[in-house]
S.K.: 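Sharing a structure here in structure tokens format.
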Amino acid sequence: MESHASCEAVVGDSELLVKKMAAICNAGPAKLQVIADFDGTLTKYRVNGCRGQSSHGLLQQENPEYDKKRQELYEHYHPLEFSPTIPIEEKTKLMEEWWTKTHGLLVEGGLTYDGIRQSVANSTIAFREGVVELFEFLEERDIPILIFSAGLADIIEEVLRQKIHRLFKNVKIVSNRMVFDNNGHLVSFQGKTIHSLNKNEHALDMAAPLHDRLGDNIDAPTYENASVKTRRNVLLLGDHIGDLGMSDGLNYENRISVGFLNDNVENSLDSYRKAFDVVYLMLALQNFLMSKHLMRF
């Protein structure tokens, strides 16, 4: 265990990690892509001592009755999501059920895009220290970032717009995307539902470059899905063991997985250490970013 002022890094097999980092660095940035979860990974798990908001949780509908109904769904399904006794097949069906009901409430409750903007403006959601620096580091080297999330793409994009105040040409969002009518009212969702147990490379075709979605013209290269799949080295960031599935379907040669253990550390550390190459406890991304191996890029 390596201790730092803002976090602790736990490495299960340091020799293997060093070999992976060396192989990725030797292959160069043209062969690397970054796959990251959003809530609790790129964003802070705690803000001012309280549980941080998620991209779903920050949303406030004009009719508060629908916020109450969504909260009731959360209280019912969330414990089932992390239950160690429910088989994965059954749990997957439950998650599909939860997401479908939640999306239905958003449509039924008359959500508007203006409501999304206002919800983000009123929210306390915040990025972890080091996220902007990581994005800039990767953008300078033309390394694509895929943000995989079981949340809502439109909200994630609005959070990036309001909280970071700039765009990154290398960022693509793989998440549930809303369809609005000409008056800005939510009418449906696009494509297959992405929930916490099925967010992986099969959903890549739902992604779009961030600046395309926001209507900005950037004279810079973008990353088509086919070219992303030829990048055989992966840096994967997640806060749930299930996030390791984000690289399923990608024929990678080397993958470094970084897990953020936000809660229940005593009971979960052993399983996280076995699953991830590096486990961070507490706050920051800077220590991995400033690794002498990554800085060789």
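These numbers come from a predicted model, not from an experiment.
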S.K.: Just wondering, do Phe127 and Leu160 contact through their side chains at under 4.5 Å, heavy atoms?
M.R.: yes
S.K.: For the residue pair Val278 and Ala9, what are the closest heavy atoms and their distance?
M.R.: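 Heavy-atom minimum between the residues: CG1-CB, 4.5 Å.
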S.K.: Would you give the length of the straight line joining atom OG of Ser188 to atom CE of Met178, rounded to the nearest 0.5 angstrom?
M.R.: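 Nearest 0.5 Å value for the OG-CE distance: 10.5 Å.
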S.K.: Pairing donors with acceptors under 3.5 angstrom, does anything connect the side chains of Tyr66 and Glu108?
M.R.: yes
S.K.: In the structure I gave you, are the side-chain heavy atoms of Leu106 and Leu59 within less than 4.5 Å of one another anywhere?
M.R.: yes
S.K.: Under the rule for side-chain hydrogen bond (donor to acceptor under 3.5 Å, both in side chains), what residues qualify as partners of Glu140, not counting sequence neighbours?
M.R.: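 None.
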S.K.: From the options Asp277, Asn254, Asp13, select the one residue that forms a side chain to side chain donor-acceptor pair (under 3.5 Å) with Lys20.
M.R.: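 Going through Asp277, Asn254, Asp13 one by one, the side chain to side chain donor-acceptor pair (under 3.5 Å) with Lys20 is satisfied by Asp277 alone.
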S.K.: Keeping the roles fixed (side chain from Ser271, backbone from Ser268), state whether a donor-acceptor pair exists under 3.5 Å.
M.R.: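 Yes; at least one donor-acceptor contact below 3.5 Å.
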S.K.: Could you walk me through whether Phe180 and Val187 pass the side-chain contact (heavy atoms from CB on, under 4.5 Å) check?
M.R.: CA-CA 6 Å; Phe180 297 89; Val187 294; 6.0 Å; no
S.K.: Identify whether NZ of Lys or CZ of Arg in Arg166 sits under 6.0 Å from the centre of the six-membered ring of Phe168 and within 45° of that ring's axis.
M.R.: yes
S.K.: Counting C-beta onward and ignoring hydrogens, is there a side-chain heavy-atom pair between Leu32 and Ile24 closer than 4.5 Å?
M.R.: yes
S.K.: Would the distance check show the side chain of His78 and the main-chain N or O of Glu75 forming a donor-acceptor pair, the cut-off being under 3.5 Å?
M.R.: no
S.K.: Do you know which of Asp263, Asp239, Asn262 makes side chain to side chain donor-acceptor pair (under 3.5 Å) with Tyr45?
M.R.: Asp263
S.K.: Starting at NE2 of His240, measure out to CG of Leu244 and round the result to the nearest 0.5 Å.
M.R.: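 Output value for this atom pair is 10.0 Å.
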S.K.: Testing the basics here: between Arg273 and Gly12, what is the closest heavy-atom pair and its distance to 0.1 Å?
M.R.: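 Taking every non-hydrogen atom into account, CG-CA, 3.7 Å.
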S.K.: So, Gln190 side chain and Val179 main chain: donor-acceptor pair closer than 3.5 Å or not?
M.R.: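 It does not hold such a pair.
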S.K.: Before giving the answer on side-chain contact (heavy atoms from CB on, under 4.5 Å), spell out for Asp37 and Leu42 the whole-Å C-alpha distance, their side-chain angles and the decisive distance to 0.1 Å.
M.R.: CA-CA 7 Å; Asp37 171 54; Leu42 297 179; over 6 Å; no
S.K.: Would Arg141 count as a cation-pi partner of Phe137, with NZ or CZ less than 6.0 Å from the six-membered ring centre and within 45° of the ring normal?
M.R.: yes
S.K.: For Glu15, look at atom CD and say whether over 12 heavy atoms of other residues, nucleotides or ligands are found less than 6.0 Å away.
M.R.: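 Atom CD in Glu15 is not crowded, with 12 or fewer foreign heavy atoms closer than 6.0 Å.
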S.K.: Should we say atom CD of Glu97 is surrounded by more than 12 heavy atoms from elsewhere, each under 6.0 Å from it?
M.R.: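 Check passes, neighbour count above 12.
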S.K.: Does the pair Arg128 and Thr43 meet the rule for a side chain to side chain donor-acceptor pair (under 3.5 Å), with working shown?
M.R.: CA-CA 5 Å; Arg128 290 181 186 266; Thr43 63; over 6 Å; no
S.K.: For Lys31, does the NZ atom sit with more than 12 other heavy atoms under 6.0 Å from it, leaving out its own atoms?
M.R.: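 Check fails, neighbour count at 12 or below.
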S.K.: For Val234, which of Ile35, Val34, Ile256 qualifies under side chain to side chain contact (heavy atoms under 4.5 Å, CB included)?
M.R.: Ile35
S.K.: Side chain of Asn183, backbone of His185: donor and acceptor closer than 3.5 Å?
M.R.: no
S.K.: Could you pull out the closest heavy-atom pair between Gly238 and Asp243, with the gap in Å?
M.R.: CA-OD2, 3.4 Å
S.K.: Test Asp39 against every option in Ser196, Ser54, Ser55 by the side chain to side chain donor-acceptor pair (under 3.5 Å) rule and name the one that passes.
M.R.: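 Per the side chain to side chain donor-acceptor pair (under 3.5 Å) rule, the option paired with Asp39 is Ser55, out of Ser196, Ser54, Ser55.
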S.K.: What distance separates Phe38 CZ from Ile156 CD1, expressed to the nearest 0.5 Å?
M.R.: 5.0 Å
S.K.: Is atom CG of Asn48 surrounded by more than 12 heavy atoms (other residues, nucleotides or ligands) closer than 6.0 Å?
M.R.: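 Open.
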S.K.: Ile173 and Ala153: which non-hydrogen atoms are nearest, and at how many Å?
M.R.: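 Minimum heavy-atom separation between Ile173 and Ala153: CG2-CB, 3.8 Å.
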S.K.: Inspect the contact between Glu157 and Arg177 and indicate whether a charged nitrogen and a carboxylate oxygen are less than 4.0 angstrom apart.
M.R.: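 Looking at Glu157 together with Arg177, the answer is yes, because their closest N to O distance falls below 4.0 Å.
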S.K.: Could you walk me through whether Arg231 and Leu250 pass the side-chain contact (heavy atoms from CB on, under 4.5 Å) check?
M.R.: CA-CA 9 Å; Arg231 291 175 174 259; Leu250 182 66; over 6 Å; no
S.K.: Determine whether Leu73 and Trp98 make a side-chain contact, defined as any pair of heavy atoms from C-beta on separated by less than 4.5 Å.
M.R.: yes
S.K.: Would you list the pairs meeting side chain to side chain donor-acceptor pair (under 3.5 Å) in which at least one residue belongs to residues 83-92, sequence neighbours left out?
M.R.: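 Applying side chain to side chain donor-acceptor pair (under 3.5 Å) to every pair that reaches into residues 83-92, excluding sequence neighbours, yields Ser83-Thr85.
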S.K.: Quick check: do Leu146 and Met246 have side-chain heavy atoms less than 4.5 Å from each other?
M.R.: no
S.K.: Would you indicate whether the side-chain heavy atoms of Leu58 and Ile155 approach each other to under 4.5 Å?
M.R.: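 They are in side-chain contact.
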S.K.: Apply side-chain contact (heavy atoms from CB on, under 4.5 Å) to the pair Ile241 and Phe276, showing each step before the final yes or no.
M.R.: CA-CA 8 Å; Ile241 290 177; Phe276 291 96; 4.1 Å; yes
S.K.: Would a distance-only check, ignoring hydrogens and angles, find a side-chain to backbone donor-acceptor pair under 3.5 Å from Trp99 to Leu94?
M.R.: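 Such a contact is absent between Trp99 side chain and Leu94 backbone.
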S.K.: Would you tell me whether Arg70 and Gln61 have side-chain atoms, one donor and one acceptor, within less than 3.5 Å of each other?
M.R.: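 Note: Arg70 and Gln61 side chains meet the donor-acceptor criterion.
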S.K.: Is the shortest heavy-atom distance from the side chain of Leu237 to the side chain of Leu235 under 4.5 Å?
M.R.: yes
S.K.: Please round to the nearest 0.5 Å and tell me the distance separating atom CG of Leu105 and atom OG1 of Thr100.
M.R.: 11.0 Å
S.K.: Say you draw a straight line from CD1 of Ile194 to OG of Ser175; how long is it, rounded to the nearest 0.5 Å?
M.R.: 6.0 Å
S.K.: Give the minimum heavy-atom separation between Gly151 and Asn176, together with the two atoms involved.
M.R.: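 For Gly151 versus Asn176, the nearest heavy atoms are O-ND2, 2.9 Å.
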S.K.: Hey, any chance Ile164 and Ile116 share a hydrophobic cluster, counting ILVMFWY side chains that come within less than 4.5 Å of each other, even indirectly?
M.R.: yes
S.K.: Taking all heavy atoms of Arg232 and all of Asn251, pick out the closest pair and write down the distance.
M.R.: CD-O, 2.8 Å
S.K.: Any chance you could measure Glu8, atom CD, to Leu269, atom CG, to the nearest 0.5 Å?
M.R.: 9.0 Å
S.K.: Assess whether a salt bridge exists between Glu129 and Lys44, defined as any Lys/Arg side-chain N lying under 4.0 Å from an Asp/Glu carboxylate O.
M.R.: yes
S.K.: Can you tell if the side chain of Asn233 reaches within under 4.5 Å of the side chain of Tyr252, non-hydrogen atoms only?
M.R.: no
S.K.: When you compare the side chains of Gln118 and Asp114, does any donor N or O come within less than 3.5 Å of an acceptor on the partner?
M.R.: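 No, no side-chain donor-acceptor contact under 3.5 Å.
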S.K.: Is there a donor in the side chain of Gln60 and an acceptor in the side chain of Ser119, or the other way round, less than 3.5 Å apart?
M.R.: no
